[in-house]
Every structure is written in C-alpha cells, then in structure tokens.
Amino acid sequence: MVKKLEGAGLRGQVAGETSLSSVGQIEGLAYRGHKIETLAEKATFEEVAYLLLYNKLPNTSELKEYKELLKSQRDLPEPLKEVLQKIPASAHPMDVMRTGTSMLGNLEPEGDFSNQLDSINRMIATMPSIVTYWYKYSHDGEDISLVNDEDSMAGHFLHILHGKTPSDLHRKVMDVSLVLYAEHEFNASTFTGRVCASTMSDIHSCVVAAIGSLRGPLHGGANEKAMELIEHWTSREEAKEKILSMLANKEKIMGFGHAVYSIRDPRNAVIKEYAKELSKLHDNDDLYQVAEEVEKVMADEKKMFANADFFHAPAYFYMGIPTKLFTPIFVMSRVSGWTAHCMEQRANNRIIRPSADYIGVESSEWVDLADRD
Ligand code: COA
C-alpha cells in the first residue's frame, strides 16, 4: 500500500534538546537566555562565541585572553594558502570555505575530542582569513597579509578585505551582523552538523557538512540572492512593479518568510536600522529605499516579513562587501553556533537516525539484465 508522506520538512517536530538558543518563543530569539536585542546592542561577537562555547559570559580578563587567542590563530598554514591559490576566481566562495575548512582538517586534525575547543577556536579564527585570502588572490592577484592589529573578527575581516582600518561604524555593524548570525537552534545547517557529530566524526567534518547545507538559497544563500534581486532596481516604483509581477508569477522572494517565525524575525529590525544608518552616509540611498519598498509590498500583498537576510544585503553593500562574500560572512559567525551544538551533541550522544515512511512499490519482480527493455 502506498502511504502519503506527511510532515514534510520535519516542520514543527522536536528533534532533540538544546540549551544553546530558543527560537520563536513569542517570536523571539535568545542565546543561552540572553535576548538577541540585548546581545546585538551590548555584546561583541567574541563575547557571544565565548558564551556559546564556554556556557558563560566572559569576564574582562577572560574576554581579553580569548580575543588574544583568536588573534594569534588567524594566519593560515602555507599548504592551505597554496590550495586556496589554486581555486579559480569563478568558484563559489562557499565552496572555497568548504575546501579551506577541509584542508585545515587535513593539516591540523582534531584527534582526541578532549582538545575539541582548540580545533574549534582555530576554525573560528581562520574563517575570515580563508575566504578573504582566496578572494584577494584570485580576483586581484594579491597575496595579502592576514596579520593586523584588529582585535575583533569584524575589524579583522574588513581590514584584510579592504586593506585598511575600517571606520568605527563599519566595525560595529559587522560585529552586530556576526552576533545576529551566530546561533539559531535546529536550523538546517546546524542540524546537518549535529547529525555528523552524532556519528562521532571529527569537528572539521561536522563544519564542512554544515557549510554544504548553509550554501543553499533557501538557507544562508538568501542574503546573496536578495542582493541579486534588488541591486538593479533604482526606485521604489520599479521595485513595486517588479515584485508584484514576481508574486503574480508565484516566484519566491528571497529574504522573506521563515520556517519557524510566523509574525517577524527579531533579527530583521536590528540589521534594518543599521542598513538605514549606513545608507544615509552613502552617496545615494536607492538600495535602501528599494529594500524598504519590497518589504512594504510583501507585507501588504502576502503578509510576509523580511527575515534576517534581507536587510543584510543593503547593509553589506554600503560597507563595500562584494555580494559573493555575503554567505561566507554567515559561515564566519555561525561556525560558533555549529560547533557549540556539536559539543552539546557529543556530551550526550546517541546517533541521529530517524525513520522514513516507505512510499515505494510494495514488491518488485527481478528481471535479468539481458531481458530488460
Ligand atoms: N516569497 C514568496 N512566497 C513565499 C516565500 C517567499 N519568500 N516563502 C514562502 N512563500 C509562500 C510559499 O510559496 C507557500 O505558498 P503556497 O502555500 O501557496 O504554496 C507558503 O508561502 C508557505 O511557504 P513554505 O515554502 O511552505 O514555507 P517553508 O516553511 O517551507 O519555507 C523558507 C521557509 C524560509 C524556506 C521560505 O519562506 C523561503 O524559501 N524563503 C525564501 C528564502 C529565504 O529567505 N531563506 C532564508 C530563511 S532565514
């Protein structure tokens, strides 16, 4: 008998426990009980990563020590640089991150899980270096230095990307963005990483698996797709006309909707405000105006809200970040959440192995190769 598959996408089903974050409780988001709005306003990315990985907010000396540790780990081993030099400019940066992480795992394997935090912190420290090193080498022929005085991931990334010290506002917005993207419960990429961790695999494999999941346009790739959607529209009128026509054609608008939130994505209000502030300092604020119009049309026509990805597009644009680096920034941040989940999984593990409803034919008759049509 052929059964109908129900509960597609595991939507709404509880697939495990976590103490890392709560999503969608009264449309809110909190990391270890700290509301995202508070963290975005008061915490740096490094404090958030520490909170996720060490289960406490660092005090002054712990934070200083943690930042120094990450700073000291940013440079890449020579063989990894050589691999990155061989990847063409036409490659997708998410593939670069996947390969870079995998190569790091070859050069510096995790080995015993008792040293898991060493491997995790090394990955956090090297993510901005991997993508930026490849980008500058393949696009501009530059073999950039990965060492600078920036004591934050936000500052380090902008510094090596633009080759100069970033402004305080840009450093702040990038830091907020990293805080917003750090953790989000059992989203697709985190769940992928946890499944991998549940087989007792190494931490680099878990992160490589998670990067593969994040790459898709229905997940992390949405910020990049949102930018590609709106970058050529120059006025509110044009944006409205184009979105209405896409909706009439039943096309999905990237950067809208969410699998868990139903009324709003709490991260959107935060990044939208910064996108607006950045737009005011730019020569023209067309992109922000267009984004606001798209948000309005989606609310009016579909009762849909912008998710965390949508206003990241203008915010990153105004900071001079190339569109193809949008999703890798998500990786740079989310690696903290992924690895915290992997540690949580390892600490109380049972291999994740759900069942499927079989919907195929009941029985099949064997036909010898020579007799098949
Ligand atoms: N634009 C237009 N319509 C959308 C939409 C979007 N971004 N997202 C969902 N819808 C519509 C669907 O077409 C569907 O309509 P239908 O019932 O007439 O078929 C309905 O809303 C339900 O959507 P569904 O795809 O079932 O939601 P989901 O929970 O499976 O998927 C997302 C959630 C996030 C994957 C989905 O909203 C999406 O693809 N958004 C765009 C990609 C994106 O921004 N991803 C980042 C998420 S943080």
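Heavy-atom basis, side chains included; hydrogens, waters and symmetry copies ignored. Just so you know, ligand 1 is whichever comes first in the structure, and atom 1 is the first atom listed for that ligand.
The presence of a protein heavy atom under 4.0 Å from atom 32 (C) of ligand 1 is ruled out. Counting protein heavy atoms under 4.0 angstrom from atom 37 (O) of ligand 1 gives one or more. For atom 9 (C) of ligand 1, a protein non-hydrogen atom is found at a distance below 4.0 Å. For atom 14 (C) of ligand 1, no protein heavy-atom neighbour is found at a distance under 4.0 Å. Under the 4.0 angstrom criterion, atom 40 (N) of ligand 1 counts as having a protein heavy-atom contact. Counting only heavy atoms, the protein never gets under 4.0 Å from atom 21 (O) of ligand 1. In this structure, atom 24 (P) of ligand 1 has its sub-4.0 angstrom surroundings free of protein heavy atoms. Of the protein's heavy atoms, at least one falls inside 4.0 Å of atom 28 (P) of ligand 1.
Checked against salt bridge (Lys or Arg N to Asp or Glu O under 4.0 Å), K64 has the following partners two or more places apart in sequence or in another chain: E68.
Aromatic ring centres of F256 and F310 lie closer together than 6.0 Å. Aromatic ring centroids of H258 and H184 lie under 6.0 Å apart. A centroid separation of 6.0 Å or more is found between the aromatic rings of H312 and Y274.
Contact annotation: the side chain of Y133 approaches that of D143 to within less than 4.5 Å [non-hydrogen atoms, C-beta and beyond]. The side-chain heavy atoms of L287 and M227, taken from C-beta on, include a pair separated by under 4.5 Å.
An N or O contact shorter than 3.5 Å links K252 to ligand 1 by distance. Between M254 and ligand 1, no pair of N/O atoms sits closer than 3.5 Å. Ligand 1 has no nitrogen or oxygen under 3.5 angstrom from a nitrogen or oxygen of R267. Looking at F256 next to ligand 1, an N or O pair under 3.5 Å apart turns up. Checked by distance only, ligand 1 and A259 stay at 3.5 Å or farther apart across all their nitrogen or oxygen atoms. Geometrically, ligand 1 and L247 share no nitrogen or oxygen pair separated by less than 3.5 Å.
Judged by distance alone, the side chains of S19 and E344 do bring a donor and an acceptor atom under 3.5 Å apart. Between the side chains of K324 and H139, a donor-acceptor pair is found at a separation under 3.5 Å.
Residue A222 has at least one heavy-atom neighbour below 4.0 Å for each of these atoms of ligand 1: 43 (C), 44 (O), 45 (N), 46 (C). Near K302, the atoms of ligand 1 lying under 4.0 angstrom from a non-hydrogen atom of the residue are 3 (N). Taking every heavy atom of D309 and a limit of under 4.0 angstrom, the matching atoms of ligand 1 come to 46 (C), 48 (S). Here is the list of ligand 1 atoms found below 4.0 Å of a heavy atom in G255: 43 (C), 44 (O).
Environment of OH in Y137: sparse, with no more than 12 heavy atoms of neighbouring residues, nucleotides or ligands closer than 6.0 Å. For K240, the NZ atom sits in a loose shell: 12 or fewer heavy atoms of surrounding residues, nucleotides or ligands are nearer than 6.0 Å. In E65, the CD atom is not crowded: 12 or fewer heavy atoms of neighbouring residues, nucleotides or ligands sit closer than 6.0 Å.
Note: F330 and H219 have perpendicular aromatic rings, judged against thresholds of 30 and 60 degrees for the angle between ring planes.
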Practice task
I would like to know whether R215 and D95 meet side-chain contact (heavy atoms from CB on, under 4.5 Å); could you show each step before the answer?
Solution key: CA-CA 8 Å; R215 187 192 193 291; D95 298 344; 2.7 Å; yes

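Geometrically, R372 engages W366 in a cation-pi contact, judged by NZ or CZ lying under 6.0 Å from the ring centre and within 45° of the ring axis. Under the 6.0 Å distance and 45° angle rule, R194 does not count as a cation-pi partner of F186.
Under a 4.0 angstrom heavy-atom cut-off, K250 registers as lying outside contact with ligand 1. No heavy atom of A308 sits closer than 4.0 Å to any atom of ligand 1. Heavy-atom distances between R11 and ligand 1 reach below 4.0 Å in at least one pair.
Protein heavy atom closest to atom 4 (C) of ligand 1, with residue, atom name and distance, is M304 SD, 3.6 Å. Protein heavy atom in closest approach to atom 35 (C) of ligand 1: L218 O, 4.0 Å. Protein heavy atom closest to atom 48 (S) of ligand 1, with residue, atom name and distance, is H258 CD2, 3.6 Å. Nearest non-hydrogen protein atom to atom 1 (N) of ligand 1 is I253 N, 2.9 Å.
Remark: L180 CG to R334 CZ distance equals 10.5 Å, nearest 0.5 Å.
The part of N307 lying near ligand 1 is the side chain, judged by heavy-atom distances below 4.0 Å.
Which of G257, G221, A306 comes nearest to atom 34 (C) of ligand 1 through a heavy atom is settled by distance: it is G257.
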